[in-house]
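Each chain gets a letter, A, B and so on, in the order its sequence line appears, and its residues count up from 1. Remember, predicted model here, so these are calculated numbers, not experimental data.
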Amino acid sequence: MLTISLAEPVPTPFDFEAAARSHGWSALVPFTWDAAAATLSRVQRLQSSGRVVRLHLREGHPNGSAPFVAVEVETVEPLTPGEEAEIRRAVRRMVRLDEDFSEFYELCAQAEGWTLRVQPGGGRLLRCPTLFEDIIYTLCTTNITWAGTKRLVERLTALLGEPFSGRDEWRAFPTPAAIAAAGPEVLRQEIRLGYRSGYIWELASAVAEGRLDLHEALEDPTLPTADLMRRLRQIKGVGPYAAATLLMILGRYEHLAVDTELVSHVSKKYFGGQPASEAEMRAVYAPWGRWQYLAYWFDAPD
DNA sequence: TTCCAGGGGTAGA
DNA sequence: TCTACCCATGGA
């Protein structure tokens with residue numbers, strides 16, 4: 001077994017722990033968060049080669065040099081340059097090293113009467129290495145408790161994910177091809193994805209067969225958000241909540257994901273525990289414009 | 001037993 | 001665009 005160390009440069013300010021932990025994704029396998037070591041780990045199957053590696057990310061502690069994310073790669077064989085490049089891209093995507101939050105920070109500094117829990121360098125919400133994985137995670141958060149979401153993702157990974165170095169307990173998130181090959185009945189009866197089974201199987205099949213290129217269709221920074229929203233809603237199983245969540249994943253924060261958590265928070269904090277209409281709830285965060293998802297996300301409970 | 005969860009599709013208006 | 005109604009599963 002080899003351990004290869006990489007250092008990925010980060011923008012300033014940057015808060016690694018906030019990036020890893022502000023979003024619930026870090027609690028979904030194959031992510032694990034080690035609080036004592038402040039380390040985010042993930043078993044990862046590299047798309048370029050099919051090799052499965054383990055990644056361990058933590059904050060670099062430079063002596064006078066530029067800050068970085070320290071990446072340890074556990075691998076059975078040395079990495080090719082292509083594999084190393086893929087890992088660096090995955091790290092940059094996961095903790096959003098290429099996203100500019102300066103306007104959001106300025107708004108936070110000027111926002112009187114708001115108590116947003118954002119530290120300098122915060123605001124980054126963890127993503128998966130690929131959009132496909134983010135979409136499956138998101139579909140597993142609809143109409144279910146958070147404990148249920150964790151169970152679904154655990155079973156999906158345990159049954160269909162590829163193990164790292166023969167270790168059953170360390171499996172990568174399943175590929176579209178593995179989910180497609182399993183078929184909707186396995187998803188329904190063994191992984192117990194319920195009514196999500198058909199949606200997830202359809203999406204995985206479309207990606208595996210090359211009928212849908214998620215990166216090409218949805219990760220185009222020049223595409224207007226309204227068009228992105230339309231494309232996301234064409235995915236079966238993606239409704240208003242999931243689409244807004246995925247727009248957040250894509251770095252577009254102008255739509256609120258209205259779910260029971262948001263309803264509960266807004267009712268308690270702004271309406272004295274009384275019910276409010278969706279329009280009234282949206283109006284609370286409307287002043288934040290294209291940053292309203294983050295304003296809600298980091299809004300202090302009371 | 002019943003309700004409902006970090007909702008969404010479909011049909012019908 | 002809005003509203004009923006149905007959809008699987010599991011915890012409370």
Check: Does A:I235 or A:H23 map to a spot on DNA chain B nearer the 5' end, using the closest nucleotide for each?
Finding: A:H23

Next item on the list: For A:V258, answer base if it contacts any base atom (sugar-phosphate contacts may also be present), sugar-phosphate if it contacts only those atoms, and nothing otherwise; contact means non-hydrogen atoms under 4.0 Å.
Entry: nothing

Check: Roughly, in whole Å, what's the span from CD in A:E185 to C1' in C:dA8?
Finding: 12 Å

Margin query: For a quick check under 3.5 Å, do A:T39 and A:R58 share a side-chain donor-acceptor pair by atom type?
Written below: yes

Checklist line | Nearest heavy-atom neighbours spanning A:V153 and A:C140 | finding: CG2-CB, 4.1 Å

Next item on the list: Check each residue of residues 240-253 of chain A for a non-hydrogen atom within less than 4.0 Å of any atom in DNA chain B, then write out the ones that pass by number, or none.
Entry: A:P240, A:Y241, A:A242

Check: Below 4.0 angstrom from OP1 or OP2 of B:dG6, is there any side-chain N or O of A:T149?
Finding: no

Notebook entry, point to check: Would you call the rings of A:Y253 and A:Y293 parallel, tilted or perpendicular if under 30° counts as parallel and over 60° as perpendicular?
Noted result: tilted

Note to self: Between A:E254 and A:T225, is there a side-chain donor-acceptor contact under 3.5 Å, judged purely by atom types and distance?
What the structure shows: yes

Next item on the list: Would you mind reading off the distance between A:R196 atom CZ and B:dG9 atom P, rounded to a whole angstrom?
Entry: 13 Å

Next item on the list: Calculate the interatomic distance between A:L193 atom CG and C:dA8 atom P; express it in whole Å.
Entry: 12 Å

Item checked: Gap between atoms CG and P, on A:L232 and B:dG7 respectively (whole Å) -> 18 Å

Notebook entry, point to check: With rounding to whole Å, what would you report as the distance between B:dA11 and C:dA8 at their P atoms?
Noted result: 15 Å

Next item on the list: Measure the distance from CH2 on A:W297 to C1' on B:dG6 and round it to the nearest whole Å.
Entry: 8 Å

Next item on the list: Please check the phosphate of C:dG11 (OP1 and OP2 only) for any side-chain N or O of A:R151 closer than 4.0 Å.
Entry: yes

Note to self: Take a 6.0 Å sphere around CD of A:E209 and say whether it holds more than 12 heavy atoms from other residues, nucleotides or ligands.
What the structure shows: yes

Margin query: Which nucleotide wins on minimum distance to the side chain of A:W146, given the candidates C:dA8, C:dG10, B:dG6?
Written below: B:dG6

Margin query: Need one value for A:G237: base, sugar-phosphate or nothing, where a base atom within 4.0 Å counts as base even if backbone is also close, heavy atoms only.
Written below: sugar-phosphate

Item checked: Pair of N/O donor and acceptor under 3.5 Å linking B:dA5 base with A:D259 side chain -> no

Check: When you compare C:dA4 with B:dG6, how far apart are their C1' atoms, in angstrom units rounded to a whole number?
Finding: 23 Å

Margin query: Does atom CD (A:E280) have a neighbourhood of more than 12 heavy atoms from anything else shown, all under 6.0 Å?
Written below: yes

Check: Looking at C:dT9, B:dG8, B:dG6, which one has an atom nearest to any side-chain atom of A:T145?
Finding: B:dG6

Next item on the list: Round to a whole Å and report the spacing from OH of A:Y199 to P of B:dG9.
Entry: 6 Å

Item checked: Rounded interatomic separation in angstrom, taking NZ from A:K150 and P from B:dA5 -> 18 Å

Next item on the list: Specify the separation, in whole Å, of atom CG of A:L203 and atom P of B:dG8.
Entry: 15 Å

Item checked: Salt-bridge contact A:D134-A:R93 (side-chain N to carboxylate O under 4.0 Å) -> yes

Notebook entry, point to check: Does A:E169 CD have over 12 foreign heavy atoms under 6.0 Å away?
Noted result: yes

Next item on the list: Identify, between A:A147 and A:R233, the residue whose nearest nucleotide on DNA chain B lies closer to the 5' end.
Entry: A:A147

